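Read the structure below first, then the notes.
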Protein chains: 2
Amino acid sequence: MADDKPDPAKPEMSRGDTVSAGAANGRRVKLTITDIAKMAGVSKKTVSRVINHSGLVRDETRERIMKIVEEHGYQPDPQARALALRRSTLIALISNQPNPQYIVDIQGGILTGMAGTPYQLVIRPCDRSSPTLHDDICDIVQHQKLFGVILTPSISEDDELIGRLRQIGCPYVRIAAVSLDTPENMIETHDYVGAAEAARHIASLGHTRIAHIHGPDTFLSAAERLRGFRVGLAEYGMKIEPQYLMKGGYTFESGMECGKQLLALDVPPTAVFAGNDEMAVGVYQAVRQAGLRVPDDLSIVGFDDSPIATRIWPKLTTVRLPIVQMGRIAAELLISNHDRMAMQPPAATSVMPSLVVRESAAAPRA
Amino acid sequence: MADDKPDPAKPEMSRGDTVSAGAANGRRVKLTITDIAKMAGVSKKTVSRVINHSGLVRDETRERIMKIVEEHGYQPDPQARALALRRSTLIALISNQPNPQYIVDIQGGILTGMAGTPYQLVIRPCDRSSPTLHDDICDIVQHQKLFGVILTPSISEDDELIGRLRQIGCPYVRIAAVSLDTPENMIETHDYVGAAEAARHIASLGHTRIAHIHGPDTFLSAAERLRGFRVGLAEYGMKIEPQYLMKGGYTFESGMECGKQLLALDVPPTAVFAGNDEMAVGVYQAVRQAGLRVPDDLSIVGFDDSPIATRIWPKLTTVRLPIVQMGRIAAELLISNHDRMAMQPPAATSVMPSLVVRESAAAPRA
DNA sequence: CTGAAAGCGCTTACAG
DNA sequence: CTGAAAGCGCTTACAG
C-alpha cells in the first residue's frame, strides 16, 4: 500500500516541519489526504472526518488538523471525492432563457454565490421543444453525478421535468415568478408586483386608454405580469378593455406587430405596458413608422431593464428584476440545502422587482 | 475483491443475454467496466483499451466489445477516469468579454462543438485587473484537472497567462483577431478584413470626410479594426485625418462623447466607423441630440452585429463575426488536438467577418 | 473519539 | 494481442 512506503514524488516531510511548508513555496506537488494524515499523526479517516465536518472528532485533534490543512492550502481532490461519494461538485444551470443579458447576469450571480466553495458551474442551455429533453437532462445529471441544478424560466416551470429530477434524487432550485414548489427549492421573483407598479405609474400619469401586450402562454411570467397589471389598474378603478389586450411572443417582431394593430384602432390607447423590453422596443418601432412619437402619442413601459432600455430614445421606463442577486441566492440555497457545512442558507429566497422610471411614459396629451 | 463476488446491486447477467439488455429497459443500475468485461469474457484492461482506442486489440475482440458497449449505452465514469488519468473532461471558457450576446453565442458554439462527447463546459468569467488573476486560473486548472481552456479576447491576448498555462501543461485555444500563437492553439477572426470591408463600403458611397472611433488599447481588436479600416480607405486613395480619429472605450457612453466631439468640429465628418456597435449606438444618440439625422447628416457603421443593430432606427450597417461558429471550432480544435480519437480536427481554424449592409450608411448629402 | 480494511471505477506499468 | 496487480485520492461501514 502506498501508505506504507514513502512516495518519492511527494515532498518528504516529518511531523516537525509543518510550519515551514506553505504557499510561499510556490508550485509544489499537490498534497493528498495521506500527506495531511501523516503530518498530523492520525489516520486518513480522521482527516476525512475533519474536512467533512462530521463532528465526531476530539476538538484538540480537529484543530490540529485544520491548522495543517490551512497552512498547506490542502483541498480534497474533487474527482476522488466524487468517485467515493458518487456525487460531483458540479452544478448545472439549465436554461432556455432567450435574453442574453439575463443569461450573463444569472451566471455571474451563481458564480458569486459559489465563490470560495469547490463547486463549479456547468451550463446546459435547452430547448423545450426537444422530445428527448427530459431524458437528456436526467442522463447528464446521472452520468456527471451532478451536485444539483438551477433552473430558470420557463424550463423551471416544467413540473414533469421536476418530477423526474426528484425521482433520480437530483437537488434543484427553481427560479420562477411565483411559488411552484416547497420554499427550499424556489426563488420567487414576484413579477406580479413589478407589473402592478407599472400599472400604478401609468394610471397615475392620467391615462385611461391602457393596453397590454401579453407574452407567450408557455411562460408563467406572461400571465403573472398581466395579473399584476390588472390589479394595479384596479386600484385606480381601471381595467384593460378587450380590444387593448394583445397577444405577443416576447419578441421584437411580435411587439412591433401588436403596436401597429393598436395604433390602427379607431380609438388607439395612450399607453401600453409590454410584457418585456423586446416587445416594448417593437412598439417604439411601430410608433415611429406611424409617424408618431414616444411618449407624446403613446407612453410605453417594458419589463426586464435590458441594455437596450437605456440605448434607445427616449429611454425606456421598465421593470427591473435583480437577476444577479437571484443567481447568487439560487446557488447559496442549493448548496446550503445539501451541504450544510459549506455555507449559511441565504437570508431571503424571494426577490422583488422594481420600476425604473425613465422617459418613455408621460401624461397623455390633453 | 469486488471482481470476484457478484454484486447484488447490479443486474445479474450471464454472457449469453447481452442482447436482451439495452436502453429499452429504461432506468437501470449503471454499468461499469467490470460488467462489460464480464459480458465480453475479457479483462477490464481489454475493455479499457477498446474504449480508449489504444489499437493493440484484435479486431474481432474490439468489435465484440464495441457491440456490447453500444448495446448497453455504456459510458465510462467521468470521475473515475479523471482520477486515474489525472485529467477531467471539463473544459473552461475563460472570458472577459463585456458583450452578452457574444458570451451566449460563444457558449452555444462551444456546446455544439462538444455535443456527443463526454466533455462539459465550465464557465470562468474573469477580470484582467485582478492581481491574482493568473494564480486563480492556474489553481482551478490544476485543482479541477481541466482538460483544457478556451480564451476569448482580450484575456486571450495575455501572453503571460499563456506562459503560465504552458508551464502547467494546460491545453488551450485562443480566440483573437490575429495569430498570436501556433495554429493549433488559435482561432483567428481577422477583424482586419471586416474593417477593410467597412472602409470600402463607406468610401464607395462617396464619403471623403471619414472618422473612426477607436476601441481601448487593451483590446487587440481595436488596433486591428483601425488597421483594416485604413487599408480599405487607402484602396480609394483616402485616409483618416487626425482630427477625425477618436479614442473610445468600446462603451455606449464613450461612443456618444466621441460623436459629440466629432459633430462639434468646424468641418465635421460625413461618415464614422465605430470600433463596435455599442459605440456606434452612442454616436446615434449624439446625432439625435444635435438635432441631426442618420444617415442624412452622418453615416454610421459599427462592428459586432449586436441585437441592438436591428432594433435601433435606422438599422445599423455593421460587421458580423460568426461567433457561434468560432465557439464550435474552438471546442473541436481543443478536443481533437488532445484526444485524437474523439473527433476529427476542424476543417478550418480561421474565420472571416462580413459586412451586413443596412440603413445607417448612405451617400453624403450633396 | 479513532483506525485498518475494502471499495468507488477507471488506467498504468509490467509481464507474458 | 491480453491479463493480474497496484494505484489514483477519497469515503463508508465496521470495529474497537
Side-chain angles (χ1 to χ4, degrees), chain A residues 1-10 29-38 40-65 69 72 74-89 118 142-145 339, chain B residues 1-10 29-38 40-65 69 74-89 118 142-145 339 341:
Chain A
M1 282 288 128
D3 297 22
D4 305 332
K5 53 184 176 192
D7 182 343
K10 285 176 192 162
V29 174
K30 205 178 61 173
L31 262 39
T32 71
I33 195 171
T34 307
D35 301 316
I36 302 293
K38 272 185 196 145
V42 297
S43 72
K44 299 194 292 182
K45 176 58 195 162
T46 302
V47 176
S48 173
R49 284 196 184 92
V50 170
I51 61 185
N52 288 298
H53 309 89
S54 78
L56 313 172
V57 182
R58 215 192 331 161
D59 281 353
E60 187 274 324
T61 310
R62 183 207 325 288
E63 276 160 30
R64 183 157 43 91
I65 294 173
V69 164
H72 294 266
Y74 166 71
Q75 294 182 300
D77 181 281
Q79 281 87 22
R81 212 176 199 191
L83 182 58
L85 283 173
R86 293 159 193 76
R87 181 172 206 184
S88 74
T89 46
Q142 297 191 300
H143 189 236
Q144 295 290 333
K145 310 185 194 72
D339 180 1
Chain B
M1 283 286 130
D3 297 24
D4 306 331
K5 54 185 176 190
D7 183 342
K10 285 176 193 161
V29 175
K30 204 178 61 173
L31 262 38
T32 71
I33 195 172
T34 307
D35 300 316
I36 302 293
K38 272 187 196 145
V42 297
S43 73
K44 299 195 292 183
K45 176 58 195 162
T46 301
V47 177
S48 175
R49 283 197 184 91
V50 170
I51 61 184
N52 288 298
H53 309 89
S54 77
L56 314 172
V57 182
R58 214 189 336 157
D59 281 354
E60 187 273 323
T61 310
R62 182 209 323 289
E63 276 160 31
R64 183 157 44 91
I65 294 173
V69 164
Y74 166 71
Q75 294 181 299
D77 181 282
Q79 281 88 22
R81 213 176 198 191
L83 183 58
L85 283 173
R86 294 160 191 77
R87 181 172 207 184
S88 74
T89 47
Q142 297 191 298
H143 189 236
Q144 295 289 334
K145 309 187 195 71
D339 181 359
M341 294 311 147

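Bear in mind that the values here come from a model prediction, so they are computed numbers and not experimental data. Order of the sequence lines sets the chain letters (A, B, ...), proteins ahead of strands, with each chain counted from 1.
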Taking every non-hydrogen atom, the tightest pair across B:A82 and B:S88: CB-CA, 3.6 Å

Between P of C:dC1 and CD of A:E63, the distance in whole Å: 13 Å

Distance below 4.0 Å between A:T61 side-chain N/O and C:dT2 OP1 or OP2: yes

Canonical and wobble pairing (Watson-Crick, G-U, under 3.5 Å) of DNA chain C, dot-bracket with |: |||.||||||||.|||

Any B:P76 side-chain heavy atom under 4.5 Å of B:I33 side chain: no

Smallest separation among heavy atoms of B:Q144 and A:Q79, with atom names: O-NE2, 3.4 Å

For atom CD1 of B:I65 and atom C1' of D:dC1, their distance in whole Å: 11 Å

Sugar-phosphate or base contact per nucleotide [nucleotides 10-16 of chain D; S, B, -; heavy atom under 4.0 Å]: BSB----

Heavy-atom pair with the smallest gap, counting every atom of A:A37 and A:V47: CA-CG2, 3.6 Å

Heavy-atom check, side chain of B:R81 versus side chain of B:N52, under 4.5 Å: yes

Test: B:K38 and B:D35 ion pair at under 4.0 Å: no

Any residue meeting side chain to side chain contact (heavy atoms under 4.5 Å, CB included) with A:A84, in chain and number order, not counting sequence neighbours: none

Contact under 4.0 Å: A:S43 side-chain N or O vs C:dT2 OP1/OP2: no

Nearest heavy-atom neighbours spanning B:L83 and A:A80: CD1-CB, 3.7 Å

Gap between atoms CG and P, on B:D59 and D:dC1 respectively (whole Å): 8 Å

Between C:dC8 (P) and A:L83 (CG): distance, integer Å: 9 Å

